[in-house]
Protein chains: 2
Amino acid sequence: MGEFSLADFVPYLLNQAAEQTSLDFSSIYRGRYNMRRTEWRALFHLGHFGAMTATDIARMSKMHKTKISRAIKELEEKRYVRREQVSNDRRSELLSLLPAGQRAFNDLYSIAERHNAQLLSQFSPGEKLILLDCLQRLSKLDLAPPDQSLM
Amino acid sequence: MGEFSLADFVPYLLNQAAEQTSLDFSSIYRGRYNMRRTEWRALFHLGHFGAMTATDIARMSKMHKTKISRAIKELEEKRYVRREQVSNDRRSELLSLLPAGQRAFNDLYSIAERHNAQLLSQFSPGEKLILLDCLQRLSKLDLAPPDQSLM
DNA sequence: AATATAAAGTCACATTTGTAACTAACAAGC
DNA sequence: GCTTGTTAGTTACAAATGTGACTTTATATT
């Protein structure tokens with residue numbers, strides 16, 4: 001590798017890009033639904049992957065469990081999410097979207113989709129493939145759906 | 001448009017990747033020099049680009065000026081940075097590294113370099129080129145608001 | 001059964017951040 | 001001179017976050 005510049009420093013670049021790309025979208029879920037980023041993320045997981053526990057969300061999103069706890073509390077007060085005792089383990093609560101939460105998710109999801117498409121539109125198909133693959137590898141995402149049988 | 005997954009949502013991926021990749025490095029500048037991330041970033045800018053004002057750092061790093069202000073205050077108390085009245089405009093202060101700051105920068109810079117090389121080592125040369133190029137384009141992107149009617 | 005260990009989730013406290021108001025210095029217009 | 005507006009940087013207060021302790025429940029060992 002040749003000369004090392006700030007412009008080639010990956011964590012820095014990722015941060016800059018993350019700031020830049022999430023700015024306008026955050027104003028939307030905040031303005032429309034008065035949601036914080038952690039709430040949007042939790043809602044996204046529940047809407048996209050279906051009902052799961054707070055621990056599942058924490059594992060998949062890599063957010064700390066206290067952040068999840070607070071986000072869920074907010075979403076519950078907004079009547080977006082409900083808790084259920086579903087297993088024989090009374091410690092864990094299965095979270096699922098209520099109608100209002102489902103509507104908010106559908107709305108924001110479609111906006112996210114368009115926003116994402118717009119961001120990616122500047123890249124060629126080959127660049128898109130490599131970019132997404134590299135980012136997934138860098139983030140070491142654990143996107144495996146929750147396996148109930150393991151719990 | 002095909003199936004849209006969280007794993008393909010660029011702002012989300014960027015955030016995850018940014019968190020993941022800056023984690024181990026942050027423990028270094030925190031453990032060795034008791035610096036927060038904003039301090040490290042400000043120090044990085046001063047070390048890499050040379051003396052500049054707080055406003056310059058804010059503009060280049062896209063951090064808010066209050067964050068910069070607090071970071072500079074900390075760096076000044078650690079005797080890493082000094083302020084100078086250099087122009088005829090007495091509002092602005094030129095910031096530059098003091099010897100201890102320069103040493104900290106050199107140390108951390110070389111670690112960042114190795115850390116970066118290690119992060120990139122998992123990618124092929126072609127992937128590296130595309131990844132860095134895409135990230136640079138994403139971080140400089142100035143998107144028009146997708147839909148004004150949303151506000 | 002009794003004990004120890006661990007997990008799900010919450011709470012309390014301290015740190016960090018965002019927002020808006022603020023001071024001080026400049027700059028333009030009248 | 002005097003406004004009016006702008007910029008550099010700081011401060012104060014509110015909001016968000018990280019950390020660790022805590023409660024309750026489950027599991028493993030003896």
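Labels below follow one simple rule: chain letters A, B, ... track the order of the sequence lines, proteins then strands, and each chain is numbered from 1.
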Item checked: Any pair counted as salt bridge (charged side-chain N to carboxylate O under 4.0 Å, His left out), so long as it reaches residues 101-110 of chain A, sequence neighbours left out -> A:Arg32-A:Asp107

Margin query: If I take atom NZ in residue A:Lys73 and atom P in nucleotide C:dT10, what distance separates them, rounded to the nearest angstrom?
Written below: 9 Å

Note to self: Without decimals, in angstroms, what is the distance between B:Met63 CE and C:dG18 P?
What the structure shows: 10 Å

Notebook entry, point to check: When rounded to the nearest 0.5 angstrom, what is the spacing between NZ in B:Lys62 and CD in A:Gln20?
Noted result: 5.0 Å

Next item on the list: Kindly say whether the aromatic ring centers of B:His45 and A:Tyr12 come within a distance under 6.0 Å.
Entry: yes

Check: CE of A:Met52 versus C1' of C:dA8: gap in Å, rounded?
Finding: 16 Å

Next item on the list: Please report, rounded to the nearest Å, how far the P atom of C:dT16 is from the NE2 atom of B:His64.
Entry: 19 Å

Checklist line | Contacts of type side-chain contact (heavy atoms from CB on, under 4.5 Å), residue A:Thr66, not counting sequence neighbours | finding: A:His64, A:Arg70

Next item on the list: Kindly write out the residues that satisfy ring pair (Phe, Tyr, Trp, His ring centres under 6.0 Å) with B:Phe25, not counting sequence neighbours, or none if the list is empty.
Entry: B:Tyr29, B:Trp40, B:His115

Check: So what does B:Arg83 hit on the nucleic acid, given a heavy-atom distance under 4.0 Å: a base, only sugar-phosphate, or nothing?
Finding: sugar-phosphate

Margin query: Could you check whether A:Phe44 and A:Phe49 have their ring centres less than 6.0 Å apart?
Written below: no

Notebook entry, point to check: Which other residues end up in the same hydrophobic cluster as B:Val86, if Ile, Leu, Val, Met, Phe, Trp and Tyr are linked when side-chain heavy atoms come under 4.5 Å apart?
Noted result: B:Leu94

Notebook entry, point to check: Do the side chains of A:Leu138 and B:Gln122 get nearer than 4.5 Å, heavy atoms only?
Noted result: yes

Item checked: Rounded distance in Å - CG (A:Leu94) to C1' (C:dA8) -> 13 Å

Tabulated below should be each protein N or O lying under 3.5 Å from an N or O of nucleotides 22-25 of chain C; please produce it.
from	atom 1	to	atom 2	distance (Å)
C:dA25	N3	B:Arg91	NH1	3.4

Margin query: Tell me whether the side-chain N/O atoms of A:Ser69 come closer than 4.0 Å to OP1 or OP2 in C:dT10.
Written below: yes

Next item on the list: In whole angstrom, give the distance that lies between atom CD1 of A:Ile72 and atom C1' of C:dC11.
Entry: 17 Å

Next item on the list: May I ask you to evaluate whether B:Thr55 reaches the phosphate of D:dG9, defined as a side-chain N or O under 4.0 Å from OP1 or OP2?
Entry: yes

Check: Can you tell me how far the CZ atom of A:Phe105 sits from the CG atom of A:Leu46, to the nearest 0.5 Å?
Finding: 9.0 Å

Margin query: Just the rounded figure in Å: distance from C1' of C:dG9 to CD of A:Glu76.
Written below: 12 Å

Taking N or O atoms only and anything under 3.5 Å, show me the protein contacts with nucleotides 13-16 of chain D, one pair per line.
from	atom 1	to	atom 2	distance (Å)
D:dA16	OP1	A:Arg36	NE	2.4

Margin query: Expressed as a whole number of angstroms, how long is the span from B:Ile68:CD1 to C:dT16:P?
Written below: 16 Å

